[in-house]
Amino acid sequence: MTHPYIPNAGPETRAAMLAEIGAPDVAEFYRDIPADLRLDRPLDLPEPFADEQGLTRHLRGLLARNTDPAALLSFLGHGCYPHYVPAVCDEVNGRGEFLTAYAGEPYADHGRFQALFEYVSMMAELLEMDVVNVPTYDGYQAAGTALRMAARRTGRARVMVSGATAADKLAKIRDYLAPDVEVLLAPVADSGELGEVRLDDTFAALYLETPTVHGVVETRGRELAELAHGVGALLVVGTDPISLGVLAPPASWGADLVCGDIQSLGMHPQYGGGQAGFIASHDDERLVAEFPSRLFGIAPTEVPGEYGFGDVFYDRTSFALREEGKEWVGTAAALWGITAGVYLALMGPQGMRELGETILARTRYAMRALAAAGAVVRHQESVHFREFAVEVPDADALLAALRGRGILGGVRLGPREVLVCVTEQHSVADIDTLAAAVRDALTALAAAAPAPAPAAPAAPDAPAAPGAAT
Amino acid sequence: MTHPYIPNAGPETRAAMLAEIGAPDVAEFYRDIPADLRLDRPLDLPEPFADEQGLTRHLRGLLARNTDPAALLSFLGHGCYPHYVPAVCDEVNGRGEFLTAYAGEPYADHGRFQALFEYVSMMAELLEMDVVNVPTYDGYQAAGTALRMAARRTGRARVMVSGATAADKLAKIRDYLAPDVEVLLAPVADSGELGEVRLDDTFAALYLETPTVHGVVETRGRELAELAHGVGALLVVGTDPISLGVLAPPASWGADLVCGDIQSLGMHPQYGGGQAGFIASHDDERLVAEFPSRLFGIAPTEVPGEYGFGDVFYDRTSFALREEGKEWVGTAAALWGITAGVYLALMGPQGMRELGETILARTRYAMRALAAAGAVVRHQESVHFREFAVEVPDADALLAALRGRGILGGVRLGPREVLVCVTEQHSVADIDTLAAAVRDALTALAAAAPAPAPAAPAAPDAPAAPGAAT
Amino acid sequence: WDEEIVFELSRPGRRGVGVPAPEAPLVELPEGVARRTPPALPELSQNQVVRHYLRLSQETLGADFTIDVGQGTCTMKYSPKVNDSFARDPRVAALHPLQPEDTVQGVLEIYWRLEQILREISGMARVSLQPGAGSAAIYANIAMIRAYHAARGEGEQRDQVITTMFSHPSNAACAKVAGYEVITLMPDAEGNPDIEALRAAVGPRTAALMITNPEDTGIFNPRIREFVELVHTAGGLACYDQANANGILGITRARDAGFDLCHFNLHKTFSTPHACGGPAAGACGVSEALVPFLPGPVVDRAGDSFTLTVPERSVGKIRPFLGVTPNVVRAYAWVMALGARGLREVAETAVLNNNYLLAKVARIPGASVPWARRRRVEQVRYSWQRLAEETGVHSEEIGIRAADFGVHYWTSHHPYVVPEPFTLEPTESYSREDLDEYAAILAHVADEARKDPEFVRGAPYRQTVHRIDPTALDDPAQWSPSWRAYLRKHGAKRPG
Amino acid sequence: WDEEIVFELSRPGRRGVGVPAPEAPLVELPEGVARRTPPALPELSQNQVVRHYLRLSQETLGADFTIDVGQGTCTMKYSPKVNDSFARDPRVAALHPLQPEDTVQGVLEIYWRLEQILREISGMARVSLQPGAGSAAIYANIAMIRAYHAARGEGEQRDQVITTMFSHPSNAACAKVAGYEVITLMPDAEGNPDIEALRAAVGPRTAALMITNPEDTGIFNPRIREFVELVHTAGGLACYDQANANGILGITRARDAGFDLCHFNLHKTFSTPHACGGPAAGACGVSEALVPFLPGPVVDRAGDSFTLTVPERSVGKIRPFLGVTPNVVRAYAWVMALGARGLREVAETAVLNNNYLLAKVARIPGASVPWARRRRVEQVRYSWQRLAEETGVHSEEIGIRAADFGVHYWTSHHPYVVPEPFTLEPTESYSREDLDEYAAILAHVADEARKDPEFVRGAPYRQTVHRIDPTALDDPAQWSPSWRAYLRKHGAKRPG
């Protein structure tokens, strides 16, 4: 059988094509590869499945070793969020046209350009900023690049970064800026918001997140913007756009660059495969010049009334300039951008507002329910969006106990700290289930061991577990 | 919120449209409905889910009450078969274009016409007959219509139908022909093939199936064709096209009309939702005239070299002639026809041959394995394709015992008879699992009760269980 | 795309998908049973199959892509994508229809729940969800009617079925198949089926009246109860074709008008996708007296569990197994997204849209509305008679030209009682701007017809292929209902 | 389709999807934290959203629809549909990346298995599947190189990275971001990177050589081992960009040529779909010495179970969590459908296809092949220099006209070292007839260019829109990277 993926692999076809070329055999084309570099044996790989059915059985068998997600009630977040994905999002990103397109020109791929232009335009409305990039890999990368952009724009080599940032993300930012930019850590206040920071004119940027790693919504935005602007630094804000139906967009209180991940906007968690990053700025020519990413813009064509699309200011990219371009650009996460556009078009302004209200309400409900269940809720007086941290005598023991009831109770931030995530997918009944299980578990733990001293909050930059929560 | 499915439901839109029409309110349009026919209360329906997420949770919750099919090893067939469905079949029939198209003209729906023309053309090659209809509902309907066609074509009012036909199907045939055509039942030989039949010139047709309801492949086809033709009757054959990679097409041994279900060719079982019927004939004008279904043909256009498509001989249908048309035509199962076309295009002649060989081989393997396990295999000397019946002391007890091991052992045909189905999806290891379980179950049953006398074969037209196997 | 026929893409030896090896000894088949020559199926690699069929899909104008108000009587509405995800769930797709009942409780519950919903909507005592589509449901109803009369010993006597010209042709055709003589009532001057003709037709031979309301004209027959009573008085049954139910959901009910049977098309009113013409799904509702005759099995509830039962005098199976399950699931989900209030919004908005479009189309010079003074519910059958008289351009030709603007357009079923007909049914799915655009396309084409009738007749101009010569489809010497017939009759690989 | 911008379809009050009610008391937000004006997002019903995006999809020429040999260097190959079904399985799609390890054993095993496969294909000691795409993998490699030298105390000293002009620009750009000075080797007269230039460049400041082979010209550098040895001798590391690995799978391995690091693009060689430009996936392979520096975590096997471990001196996370899981699953499934023999067939057929297309294109008047005597592996960078001299039509213009025939066409990355370049890479996915058709399209357009250069320059003619005025994209006063910027700068709803 000629392999279904390789139409010309049949011996007759191969012979006819070789004849047309005038080559004796395929080995001829490899003659530039020295003999001592040739692999003189077949690759040692597992036996393949010649039939699709066998392949399917094999793969489904492997996947069946994962616990059925439907059998788990999960409160995991910490950078990847279980929001509801409308069916239309999957329908659109499953279309072969979008799924298998790549880097075509604006004419043959007019639809791809338009869909991505619309994505950036809808994000721009949500963010109240005029410039949004075609997605980069993820929110980590977006933060690293936004800070490098700030450094280039200001010509300065230090940035102040909020300590209320996920440890892995902080590490990535440090690594990414290391050659050129020094990263200083800003303290976190008891409220969970950014603490007192001092900046001077050596700082390129102040970076903060809202909601923070602990889900705390920053309330001093305008003050911090003024602080940064006062020394000529930029205010760079990391946020999740899903919060912006109810929260004021950072630009409205002075942010110069806003960045984050769009996984919340219509992407399934996919064991980390749904991440995509955005960076936004105002339409300031000098900041636009610092974007490494592609920017898609609308343009007239020869025919009046037509909309064409193309790259805005292409001659700043590594595609155009190699190492002289801004950082680099490459394949990243465009399809998730299109999907986020579908999500925002479905939701509209009212949907985003209602969603935000529901998440705020349920987050607070969950905080109260867990407090009533005996957990110590951190930053209890602050406004939280979607996440909050609780202190418990033994995070591992608690999570294990919950696990026994089919609940993934949260992400372990430290030996005594667990981060709980509540989205619109968690009904009040789900939260009550969690709270009841937490109460039982804490009671059992207390009975099993003498009560420890109150837990110290985990250091904000303590490394998280490498990949798994428990 | 304006309902997402009803764009004009908003009060402003409604008012503006009413103003444009010049109507005071929507009630105006209903004024022809007498007051005493108006429902004066809201419908008493369950509370709906205003949010898609809630709807999804509700539906997934209901579906979760079904046993996970992946957790069952099933040998159920009897008219609906668990063949492997290549992913490309699902990809094509999931395309919004095909899924939501309907009855457009050949221009706007050129692709639909071509895809269905290609389906009938590939079926025609498999069947070696020139005329195949756009799918009707299912194989039952196809058999009923084929026999009615034979009656109309011959002007005779009796048909002889093989007793080796599923009981439900026989009942449907009887009911469908009742007003005009008498149905006589032909006996079944010990081999499972058709027994001795006598026909005379009052018979419009002899109807037989191969494979039969018991999976037996008919070997006397040519003889039976000659018998029918000898009295001026037609030979109508029911078959499953999936067998025709290895079995001689009925037309090659004299069938005049061939019919059946195409569910095997790329349709998931879907709890009975994957059925679709086909009817095929030679290109005999007088037989073509008797098709009630649509027939799609290829035709030239104004531009040389272009292929157009359209309805062949439309003026025989009920769309054209109402009750003067041949039976009726309506929405049936076109998408499954397109899907079966995709299936055949993927498989090609070699794939169909290999598939048939695999099914033949595994069926025989299963027959031997179950015989070795202590079941009495019926028609053991005959050629079987995909199905065979076994006699056991107590079908219900056996099936219940297998069920306890997560095995659906077969369809209960009678108190002591079970029909076992083996496709390419059942590996030899799966069959061994079944055989081992059967052996254990039969041993346990024998220990629990005195051995009964050898079971009599179930009468061929005994009614099957209404819907469920056990 | 200029896509070839799949056979032309074939090259020997290629394959689209692999098949498992036998793993067991091959079976030698007897002479005459084994296939000798392999079928001349095409041979393609998988990428080629995908490309071919995806291109063909793009050449198909699904309702997802167009303002699909032009396929009147078809109730083209939005089919929610989320419902497809339920239909494709392995817990539907992979279920075998003969599994033990305890392994399929979820799907049985959905059948049961949808039946309750349709009972409430129709007022009927029970509903069968077995038929594969609307015409199959009509056939099931006529089969029940036949069985009912036979059970009362009037099977021989009652050999006539009455229907109307603006009811779907399957009412006439199915009755004929079931052995009945068919009497068709024509419309009166008001556009209602002629009640005097009904009076003349009913009698001891009447088995049933099979009638749509509103009819395909969009006119609701205000004397429908009288129709039903006339038939009842004569001992016949009244059967309601509810293919046009979309505009009257929650407004008026079949049973309340006295009907004994009715049917719905789940692929019309209840949003399951039309799928190029099926799989669809039909539902038959019946009054108490006809419950014993329902197709079997039906789903009964016993406490928290659901079982299959065959009604006492069941007409048997209209279709193998229980029904078109994926569409039953979709229809249930659709209702559960709307509820009672939503269904009423569906009906009212569909009717509003219809009347809005009517107002727009009535203003197009050359278009007219038969029985113009009558109110319309869900659709309207219009006429281009004036335009045809003025320009010589026929309705079919307008339709082909309309396709150049990316929309569908349907004339009507034969015979054309309304001259030069076209039938529009906007349903609730289309926005006001959509309706404006559709009306503008019609106005544009009518204008073209007046300015340059030959141009309109020469359409299509923007489709994959140009005008088809229909003679090749009706001449037995030329017709080619398959590629093999085409090769045999026309020899060359390409026509012309 | 003449599809409007989504904002133009908006009408107040419409909604595409509902949201769950809070079920709990609303939260009052402090002044300044609450959003005051709702975002100006469009308001559409669900049917409108579906229609809009499905139409846009049809205006996108995915590889499923075209003979996608014209996007040279991109390795456009068939992405099997069955693999998408695995990626969409809820047991992949719904998994949270921080779930306990014991709940994700299946997906961890797939990571582990794919790593073993890539180890064997590359000869490397370990492989990380974390990077989100090829350039991210290049960055990961340079980060490891930096950490390696730093660990040896040579971090300050080794501040130069050497690459070649026909290696992907990200090699140069990522090295720059990582703090290195970049030295770029130009091709010599034979089309190889200039080994004398390398000799001149290497030294104590050399951190690494980052090189593609075969380069984007399709030429395999036969002295690659010497390149590696020169760098090793100077104390640098050799890093292999294997974006062009498709033609050499199972033929030659990175480690066997002495490389210390390499990377693959799973969305090129291993068939995961390109997705309009991602999500993609990259894989970094390293020799024993660099294993401690790998991005973390990696998947280790312990008996029958799989665990996550962070390498001792890990450079940290290149991306959040473990990697682009759906594409790791797809790539694994692709290899498992092919095996060792299949991968070799992939490589050999891709190379055969490339040389077949080369033979066809070389015969088109006006086309030429720089370094024509050299053999080619997976792709060829061609030139229309002669055609441009003859007709004044440039390669970009040929490409826009080619789009009218439904195919893609890519020139190359800047700078255009090959004048008037175009780059074709047929991979193994396309049939002989496909290659014939593509070559015929190029020949046709070249012929048009000779006969009527202005006609070619006026393209496109069969696309959704006509030639775009690019000045509006580079002028800050005009550029409109979002609809709000467009409305602000251009005011009117439609340009012109």
Side-chain angles (χ1 to χ4, degrees), chain B residues 7 26 32 42-43 45 48 63 65-67 69 76 92 95-97 100-102 107-108 110-112 121 124-126 130 137 171 179 268 271-273 285 295 299-302 304 306 308 318 322-323 328 330-335 346 348-349 354 358 360-361 365 428 466-470, chain C residues 16-17 19 22-24 27 38-40 43 53 56-57 59-64 91 93-98 103 105-106 132-133 135 169 172-173 176 179 182 220 274-278 280 297 308 310 316 321 325-326 339-340 348 403 431 460 463-464 466 468 472 476 482-483 485 495-496:
Chain B
V26 172
D32 275 343
L43 289 169
L45 298 180
L63 296 181
R65 297 189 196 172
N66 300 325
T67 306
L76 305 182
V92 172
R95 294 275 298 175
E97 290 92 332
T100 67
Y102 197 26
Y107 305 104
H110 180 78
R112 173 172 69 92
S121 295
E125 297 298 346
L126 205 53
D130 275 5
Y137 308 113
H268 297 279
Y271 200 65
E285 180 184 349
L295 301 171
T301 76
E302 286 177 348
E306 275 186 2
S318 64
R322 299 179 64 90
E323 70 270 23
W328 78 80
T331 301
L335 190 63
L346 286 167
E354 291 170 17
T358 291
L360 282 170
Y365 181 88
V428 161
T470 63
Chain C
V17 70
V19 162
E23 293 187 319
V27 173
E43 300 178 68
Y53 279 99
L56 293 187
S57 80
E59 292 176 350
T60 303
L61 188 60
D64 277 351
R91 284 182 160 94
L95 294 185
H96 191 281
L98 301 178
T103 64
Q105 285 293 301
S135 299
K176 177 80 178 309
V182 175
F220 190 94
H274 287 70
C276 287
L308 293 169
V310 177
F321 316 119
T325 305
E348 292 189 353
S431 70
Q463 304 294 324
T464 307
H466 297 79
I468 294 160
S482 63
W483 184 247

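Only heavy atoms go into these numbers, but all of them, side chains included; no hydrogens, no water, no symmetry mates. Just so it is clear: chains get the letters A, B, ... in the order the sequence lines come, proteins before strands, and each one is counted from 1.
Proximity to chain C is limited to the side chain of B:Pro69, based on heavy atoms less than 4.5 angstrom apart. There is no contact between B:Ala171 and chain C, counting heavy-atom distances below 4.5 Å. For a residue to count as touching a neighbouring chain, one of its non-hydrogen atoms must lie under 4.5 Å from one of that chain's; by this rule C:Glu59 touches chain B with backbone and side chain alike. Heavy atoms of B:Tyr102 lying under 4.5 Å from chain C belong to its backbone as well as its side chain.
Ranking B:His110, B:His268, B:Arg112, B:Glu125 against chain C, the residue ahead of the rest is B:Glu125, based on heavy-atom pairs under 4.5 Å. Ranked by heavy-atom pairs under 4.5 Å with chain C, the first of B:Leu126, B:Asp32, B:Leu360, B:Val428 is B:Asp32. Most heavy-atom pairs under 4.5 Å with chain B, from the set C:Val17, C:Leu56, C:Val27: that is C:Leu56. Residue with the most contacts toward chain B among C:Gly106, C:Pro39, C:Cys276: C:Cys276 (heavy-atom pairs, distance under 4.5 Å). Interface summary for chain B: among C:Ala63, C:Ala133, C:Gly179, C:Pro38, the most heavy-atom pairs under 4.5 angstrom belong to C:Ala63. Options B:Val92, B:Asn66, B:Leu335, B:Thr331 differ in how many heavy-atom pairs under 4.5 Å they form with chain C, and the most are formed by B:Asn66. Ranking B:Gly348, B:Gly330, B:Pro7 against chain C, the residue ahead of the rest is B:Pro7, based on heavy-atom pairs under 4.5 Å. The most heavy-atom pairs under 4.5 Å with chain B, out of C:Gly339, C:Gly132, C:Gly316, come from C:Gly339. Listed options B:Arg95, B:Glu323, B:Arg65 were ranked by heavy-atom pairs under 4.5 angstrom with chain C; first place goes to B:Glu323. Counting heavy-atom pairs closer than 4.5 Å to chain B, the top-ranked of the candidates C:Ala280, C:Ala24, C:Ala472, C:Ala403 is C:Ala24. The greatest number of non-hydrogen atom pairs below 4.5 Å with chain B, out of C:Ala485, C:Ser482, C:Gly16, is found for C:Ser482.
When all heavy atoms of C:Glu43 and B:Pro349 are compared, the closest pair comes out as CG-CD, 3.6 Å. When all heavy atoms of B:Tyr107 and C:Gln463 are compared, the closest pair comes out as O-OE1, 3.1 Å. Nearest heavy-atom pair across C:Asp64 and B:Thr100 is N-OG1, 3.0 Å. Shortest non-hydrogen contact noted between B:Leu43 and C:Ala340 is O-CB, 3.2 Å.
A donor-acceptor contact shorter than 3.5 Å is absent between the side chain of C:Glu348 and the backbone of B:Val26. Under a 3.5 Å cut-off, the side chain of C:Thr325 and the backbone N or O of B:Gly273 do not form any donor-acceptor pair. Judged purely by atom type and a 3.5 angstrom limit, B:Ser318 has no side-chain atom pairing as donor or acceptor with the backbone of B:Trp328. Side chain of B:Tyr137 to main chain of C:Gly278: no donor-acceptor pair is present (N/O by atom type, distance under 3.5 Å, no hydrogens or angles).
Listed by chain and number, the residues in a side-chain hydrogen bond (donor to acceptor under 3.5 Å, both in side chains) with C:His96 amount to none (sequence neighbours excluded).
With rounding to the nearest 0.5 angstrom, the CG atom of C:Leu95 is 13.0 Å from the CZ atom of C:Phe321.
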